[in-house]
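Step one of this worksheet: look at the structure below.
None of the values given here were measured: they were computed from a predicted structure.
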Number of protein chains: 2
Amino acid sequence: MKLKTKIGRPRAFDTDEALESALQVFWRKGYEGTSLTDLTEAMGINRPSLYSAFGNKEDLFRKALTRYAEGSVSFVRNALEAPTARGVAEKLLYGATEMMNDPRNPPGCLMVQGALSCSETAEPIRQELAARRAAGQAKIRERFERAKKEGDLPADANPADLARFVSTVMQGMSVQASGGATHAELRRVVQLALRVFPG
Amino acid sequence: MKLKTKIGRPRAFDTDEALESALQVFWRKGYEGTSLTDLTEAMGINRPSLYSAFGNKEDLFRKALTRYAEGSVSFVRNALEAPTARGVAEKLLYGATEMMNDPRNPPGCLMVQGALSCSETAEPIRQELAARRAAGQAKIRERFERAKKEGDLPADANPADLARFVSTVMQGMSVQASGGATHAELRRVVQLALRVFPG
DNA sequence: TGTTATCTGTACTGTTCGGTATTGAAAGTA
DNA sequence: TACTTTCAATACCGAACAGTACAGATAACA
């Protein structure tokens with residue numbers, strides 16, 4: 001669908017780079033805190049170029065969010081493949097500390113920082129973020145259910161509760177990082193959280 | 001200073017009720033997501049009345065925040081007086097579950113939901129919230145330091161880390177509540193978090 | 001070398017934002 | 001009753017918001 005005839009004036013900017021710049025701005029300021037002027041300045045393009053390449057502000061945010069999920073958050077996929085439930089939790093939580101304190105990016109997690117509370121007009125974005133968080137948590141729960149079947153988690157363990165616990169800690173870490181918590185501080189939080197897991 | 005002569009037309013609205021209404025709106029929509037129109041409609045007063053009684057939007061938010069800290073968050077003060085570190089953690093975390101799921105209020109915690117990410121103009125509010133969260137965490141740390149001296153926490157315990165852990169879980173719970181987590185679900189998260197505390 | 005399709009840049013749209021000038025109403029004081 | 005003080009309500013301000021019309025520029029195609 002991008003393979004149409006190449007007739008006409010070619011695009012003068014790299015859409016991938018522009019999307020990455022937009023992602024950075026949304027990550028730092030949140031959906032509502034970001035203006036189109038913020039975006040066009042960071043992306044180095046004009047408004048009509050932005051609209052023709054990405055649709056409107058909401059479309060652009062969703063595209064940036066997808067890029068984020070497939071980029072910075074890809075560590076989650078690997079974490080879920082760890083051999084034990086404790087290993088999964090370790091990789092998730094330590095992975096989160098690195099992601100949320102990467103000096104190349106704003107602190108915290110876009111799925112938390114993007115739109116926790118907002119006006120009615122941004123409500124669809126808020127819900128999209130909540131749905132993505134819930135989907136991630138469900139993936140963790142499924143992994144823990146498997147771990148329980150495999151005897152890797154004790155028989156009295158509750159996979160849903162453990163998944164929610166891990167999610168809650170990661171989301172709290174986003175708030176902490178946004179408030180200036182250092183990488184070392186978050187790692188010590190993770191060490192404590194991991195006491196909940198056998199192994 | 002409110003006891004000046006009562007000359008002149010008296011105020012036609014209850015400032016306390018109006019402030020409570022403003023708090024509810026800020027709590028639900030966040031600082032930037034709330035417009036002056038949202039506020040005046042909820043408070044049942046006109047703009048000039050709002051400005052004369054509360055100053056500008058930022059002043060009003062700070063007043064609402066103080067009301068919040070002295071009202072809904074007052075359970076923290078009681079929690080810190082529990083006899084043991086574990087008791088403190090229990091009261092903090094279970095208190096948070098009730099506060100964040102009180103059907104009379106929006107879900108979550110205003111100090112988290114108010115302004116996690118925002119534009120430059122709201123940056124002072126963002127920092128105020130971060131400072132208040134840090135102050136609360138410091139209070140918990142001091143309480144845990146005392147517990148360690150009293151032998152109530154083991155000698156190898158790190159009060160600062162434990163305080164950050166409890167804060168992190170509470171902040172994560174705010175995100176969870178904002179996403180629709182139920183009271184029972186949050187209570188089970190708390191049960192897991194409390195495994196970190198001896199007793 | 002035209003023609004056509006697409007992009008870029010300027011300048012603009014209507015709307016909403018936070019904040020205020022102004023006028024008239026309502027109370028206490030004399 | 002006349003006066004002073006304070007509040008309430010309308011109507012407005014300039015600025016910023018998301019989004020777009022339009023004209024000029026640049027490429028592939030015939």
Side-chain angles (χ1 to χ4, degrees), chain A residues 1-19 21-22 25-26 29-64 114-115 117-125, chain B residues 1-19 21-22 25-26 29-64 114-115 118-126:
Chain A
M1 29 221 66
K2 192 63 208 315
L3 309 177
K4 295 199 66 172
T5 70
K6 297 183 187 172
I7 203 169
R9 180 173 176 175
R11 192 162 271 147
F13 62 93
D14 183 323
T15 57
D16 216 53
E17 287 179 10
L19 184 56
S21 299
V25 181
F26 280 131
K29 299 190 172 186
Y31 177 72
E32 279 196 313
T34 300
S35 72
L36 280 182
T37 303
D38 292 332
L39 290 167
T40 53
E41 285 180 356
M43 299 164 86
I45 63 177
N46 301 318
R47 268 156 201 248
S49 300
L50 188 155
Y51 276 82
S52 85
F54 302 104
N56 63 13
K57 185 185 176 186
E58 190 171 325
D59 292 335
L60 175 57
F61 182 85
R62 292 195 144 91
K63 290 185 169 98
S117 300
C118 61
S119 68
E120 281 92 350
T121 66
E123 190 63 20
I125 294 295
Chain B
M1 29 217 64
K2 192 64 210 311
L3 309 176
K4 296 198 64 172
T5 71
K6 296 183 190 173
I7 202 170
R9 180 174 175 175
R11 192 161 270 148
F13 61 93
D14 183 323
T15 57
D16 216 54
E17 285 178 13
L19 184 56
S21 299
V25 181
F26 279 132
K29 299 191 172 186
Y31 177 72
E32 278 196 312
T34 300
S35 72
L36 281 181
T37 303
D38 292 332
L39 290 167
T40 54
E41 285 180 355
M43 299 164 86
I45 63 178
N46 301 316
R47 267 157 202 247
S49 301
L50 188 156
Y51 275 82
S52 83
F54 302 105
N56 62 13
K57 185 186 178 186
E58 190 171 325
D59 292 335
L60 175 57
F61 182 85
R62 292 196 144 92
K63 290 185 170 99
C118 61
S119 69
E120 282 93 350
T121 66
E123 190 64 20
I125 295 296
R126 214 205 95 224

Which atoms of nucleotides 1-3 of chain D (N or O only) lie under 3.5 Å from a protein N or O atom, and what are those distances?
none

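One interatomic measurement links the two molecules: CZ of A:Phe13 to C1' of C:dT8, which rounds to 10 Å at whole-angstrom precision. Residue A:Asp14 contributes atom CG, which lies 14 Å from atom P of C:dC7 at whole-angstrom precision. Rounding to whole angstrom units, CE of residue B:Met43 and P of C:dG18 are separated by 13 Å. Spacing between atom CG of A:Asn56 and atom P of D:dA18 amounts to 11 Å, rounded to whole angstrom units. Atom NZ in B:Lys57 sits about 9 Å away from atom C1' in C:dC17, given to the nearest Å. The interatomic distance linking A:Glu58 (CD) with D:dA18 (C1') rounds to 12 Å, in whole Å. Between the CZ atom of A:Phe54 and the C1' atom of D:dA18 there is a distance of 17 Å, given to the nearest Å. Distance B:Arg11 CZ to C:dG28 P: 16 Å, rounded to the nearest Å.
Residue-level contact check: A:Thr34 touches the backbone only, with heavy atoms under 4.0 Å from sugar-phosphate atoms and none from bases. Residue contacts for B:Thr40: at a heavy-atom cut-off of 4.0 Å it reaches no nucleic acid atom on any strand shown.
In this view, B:Ser119 and B:Glu32, B:Thr121 satisfy the side-chain hydrogen bond (donor to acceptor under 3.5 Å, both in side chains) rule, not counting sequence neighbours. In terms of the side-chain hydrogen bond (donor to acceptor under 3.5 Å, both in side chains) criterion, residue partners of A:Arg62 (sequence neighbours excluded) are, by chain and number, A:Glu58, A:Glu128. The side-chain hydrogen bond (donor to acceptor under 3.5 Å, both in side chains) check on B:Ser35 picks up B:Asp38, with sequence neighbours excluded. B:Arg47 meets the side-chain contact (heavy atoms from CB on, under 4.5 Å) test with B:Leu36, B:Thr37, B:Thr40; sequence neighbours excluded. Evaluation of the salt bridge (Lys or Arg N to Asp or Glu O under 4.0 Å) rule for A:Glu123 yields A:Arg126 as partners, not counting sequence neighbours. Residues that satisfy the side-chain contact (heavy atoms from CB on, under 4.5 Å) test with B:Phe13, not counting sequence neighbours, are B:Arg11, B:Thr15, B:Ala18, B:Ile45, B:Ser49, B:Ala53, B:Phe54. Applying the side-chain hydrogen bond (donor to acceptor under 3.5 Å, both in side chains) test to A:Thr34 and every residue at least two apart in sequence or in another chain returns nothing.
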What is the per-nucleotide protein-contact pattern of nucleotides 9-16 of chain D, from the 5' end, where B denotes a base atom under 4.0 Å from a protein heavy atom, S denotes such proximity for sugar-phosphate atoms only, and - denotes neither? BB------
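Side-chain atoms of A:Met43 and A:Ser21, non-hydrogen and from C-beta on, do get closer than 4.5 Å to each other. A:Leu50 has its side chain out of reach of A:Asn56: every pair of non-hydrogen atoms, C-beta onward, lies at least 4.5 Å apart.
With the nearest nucleotide of DNA chain C identified for both B:Tyr31 and B:Pro10, B:Tyr31 has the one nearer the 5' end.
In terms of phosphate contacts, A:Arg9 brings no side-chain nitrogen or oxygen within less than 4.0 Å of OP1 or OP2 of D:dA25.
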